[in-house]
Amino acid sequence: MPKKRKPNGLQVCEQSYKKTAKIRLQEFWSVFAKDDTVLICINADPDALACALAIKRLLRYRVKSITVAHPNEISRLNNVEMVERLRISLERLGNVKVSDYTKKILVDSQPNHLPVFEKIKFDVIIDHHPVTKDWDVPYVDIRPDYGAASSMLVEYLRAANMKPSTALATALFYGIKVDTQDFEKEARLADGISFRYLFDLANRNLVRKFELTDLRRSELKYFSIALNELQYSKGKLYAHIGKVRSPDVLVIIADFLNHVSDIDWVLVSGIHNDKLVVIFRCDGYRKSAGKLAAQVFGQIGSAGGHKGAARAEVPLKALEMTEYDINTQTLKRLTMRHLK
């Protein structure tokens, strides 16, 4: 790939940012040979998983073998559902011998994102996050104004005249939805074009299933506890759940209760790892959940968020309480004087 010179005389790889999709594709392909064994490294989330699948499709008949590996634990149920239903073949990075692979690709990330990536000499970097440095790598395509790396990979596939399978289209479609937060986050026209291209190719019912998979069956009991504990006072709903396996369930319950009409505030709390976790929800109109969280708990724990949604985590010892001292009435008492 052509090099450009920096003012200090050092050579760095020229990013393919402003090149056409066809040229980018050819330069990407030129990195690989038929006898290459390829390792694709990702920090596994929907966008990264989709990109890895797209790269496997682009290289399917051009290299000897392809392995996708990730260092992180895939614990979010949405992501577990995606991996299982799309039958995505993955390895833990710690279980593979990186030196066995002749070419290494990093997608939806940059080497300094994780210490484990910094130890690997990559041949390709494809990402949509802000550029952290000039990477001296044979092929670099970093486009920070794209909402999702999946949008970039759609362009590669289209340049190669490769129509994605239903599974691949579904993964890419979901990757764009997640990373652009249904286009509520910053995105560009290219994300919309890729999204529209995938719209009729993806299984949108399956995507909906990924999005809705938030709870384990064992966690349904928390809804029963929340409804039994629920207290209403002047447009506000309070519920303390007690010990929870994961704070994520508190978020789900708070979002559920926030659907109730004529409710200005929702406050849901639980105990996790000897901390009181409180989830705040409001309409964000002349109110600020983040400000309330900071006012109530900012001095004794971590607290903050946005106008409509916030969270606080406070060690029980900072409250000088045990888990048995805290109930819905306690939650109400702790927050009530700050609520108008």
Side-chain angles (χ1 to χ4, degrees), residues 1-2 13-17 19-71 82-83 86-93 95-111 117 120-128 135 137-143 146 148-176 194 197-198 201-202:
M1 188 174 180
C13 184
E14 180 185 356
Q15 290 187 34
S16 57
Y17 187 79
K19 297 176 181 177
T20 67
K22 288 277 188 187
I23 292 173
R24 285 197 299 267
L25 175 68
Q26 293 302 325
E27 290 182 345
F28 169 74
W29 272 342
S30 71
V31 174
F32 305 94
K34 273 282 188 183
D35 59 349
D36 274 328
T37 53
V38 178
L39 178 66
I40 303 173
C41 294
I42 60 171
N43 189 42
D45 66 14
D47 192 26
L49 288 163
C51 290
L53 290 180
I55 291 171
K56 284 185 75 172
R57 177 67 186 90
L58 288 164
L59 296 178
R60 184 184 295 171
Y61 301 113
R62 292 177 171 269
V63 297
K64 185 177 179 181
S65 68
I66 307 167
T67 301
V68 181
H70 61 102
M82 177 185 182
V83 170
L86 295 181
R87 298 178 182 177
I88 301 174
S89 179
L90 297 168
E91 298 287 343
R92 288 303 292 267
L93 190 54
N95 296 333
V96 302
K97 191 175 180 182
V98 175
S99 59
D100 286 346
Y101 297 88
T102 58
K103 296 288 164 59
K104 275 80 75 176
I105 301 172
L106 182 61
V107 66
D108 194 32
S109 194
Q110 291 171 54
F117 291 157
I120 300 172
K121 185 169 177 56
F122 289 102
D123 301 278
V124 171
I125 298 173
I126 298 176
D127 190 25
H128 72 113
W135 299 109
V137 170
Y139 181 80
V140 178
D141 184 7
I142 302 176
R143 295 181 244 171
Y146 273 57
S150 291
S151 304
M152 298 166 63
L153 266 298
V154 170
E155 293 178 2
Y156 279 85
L157 290 166
R158 296 186 76 176
N161 291 316
M162 293 179 178
K163 182 180 176 181
S165 65
T166 300
L168 176 54
T170 301
L172 291 164
F173 186 83
Y174 185 50
I176 295 172
S194 292
Y197 170 73
L198 297 166
L201 301 175

*Do Leu153 and Leu58 have side chains that get closer than 4.5 Å, going by heavy atoms?*
yes
_Rounded at 0.5 Å granularity, tell me how far CE in Met152 sits from OG in Ser194._
10.5 Å
*With Lys121, which residues qualify under side chain to side chain contact (heavy atoms under 4.5 Å, CB included), at least two apart?*
none
*asked:* Run the ring-ring contact (aromatic ring centres under 6.0 Å, His included) test against Phe32 and tell me which residues pass, sequence neighbours left out.
replied: Phe28
*Once you round to the nearest 0.5 Å, how far does CD1 of Ile176 lie from OH of Tyr197?*
11.5 Å
*How many angstroms lie between atom CD of Glu155 and atom NZ of Lys22, to the nearest 0.5 angstrom?*
13.0 Å
*Donor-acceptor under 3.5 Å (Thr37 side chain, Thr102 main chain)*: yes
*Closest contact, heavy atoms only, Val107 versus Ala52*: CG1-N, 4.4 Å
*What's the spacing between Asn43 CG and Asp108 CG if we round to 0.5 Å?*
8.0 Å
*asked:* Measuring only between side-chain heavy atoms, which start at C-beta, is Phe117 closer than 4.5 Å to Pro71?
replied: yes
Identify all side-chain donor-acceptor contacts of residues 59-68 below 3.5 Å with residues at least two apart in sequence or on another chain.
unit_1	atom_1	unit_2	atom_2	d
Thr67	OG1	Tyr101	OH	3.3

*For the student: nearest non-hydrogen atoms of Leu86 and Ala171, plus distance*: CD1-CB, 3.8 Å
*To the nearest 0.5 Å, how far apart are NZ in Lys97 and CG in Leu39?*
13.5 Å
*Do Arg24 side-chain atoms and Lys19 backbone N/O form a donor-acceptor pair below 3.5 Å?*
yes
*Test side chain to side chain contact (heavy atoms under 4.5 Å, CB included) on Asp123 and Val38 and set out the steps.*
CA-CA 10 Å; Asp123 301 278; Val38 178; over 6 Å; no
*Would you list the pairs meeting salt bridge (Lys or Arg N to Asp or Glu O under 4.0 Å) in which at least one residue belongs to residues 32-59, sequence neighbours left out?*
Asp36-Lys103
*asked:* Using the side chain to side chain donor-acceptor pair (under 3.5 Å) criterion, which residues pair with Arg92? Sequence neighbours excluded.
replied: Glu73
_On a heavy-atom basis, which atom in Ser150 and which in Gly175 lie closest, and how many Å separate them?_
OG-CA, 3.9 Å
*Working to the nearest 0.5 Å, report the span between CD1 of Ile40 and CD1 of Ile105.*
5.0 Å
*What pairs with Ile120 under side chain to side chain contact (heavy atoms under 4.5 Å, CB included), at least two apart in sequence or on another chain?*
Cys41, Leu93, Val98, Lys104, Phe122
_Heavy-atom closest contact (Pro111 atom, Ile125 atom, distance)_ = CD-CD1, 3.7 Å
Identify each donor-acceptor pair in which a side-chain atom of residues 161-170 lies under 3.5 Å from a protein atom, sequence neighbours left out, and give them as a table.
unit_1	atom_1	unit_2	atom_2	d
Ser165	OG	Leu168	N	3.2
Thr170	OG1	Thr166	O	2.6
Thr170	OG1	Asn203	N	2.9

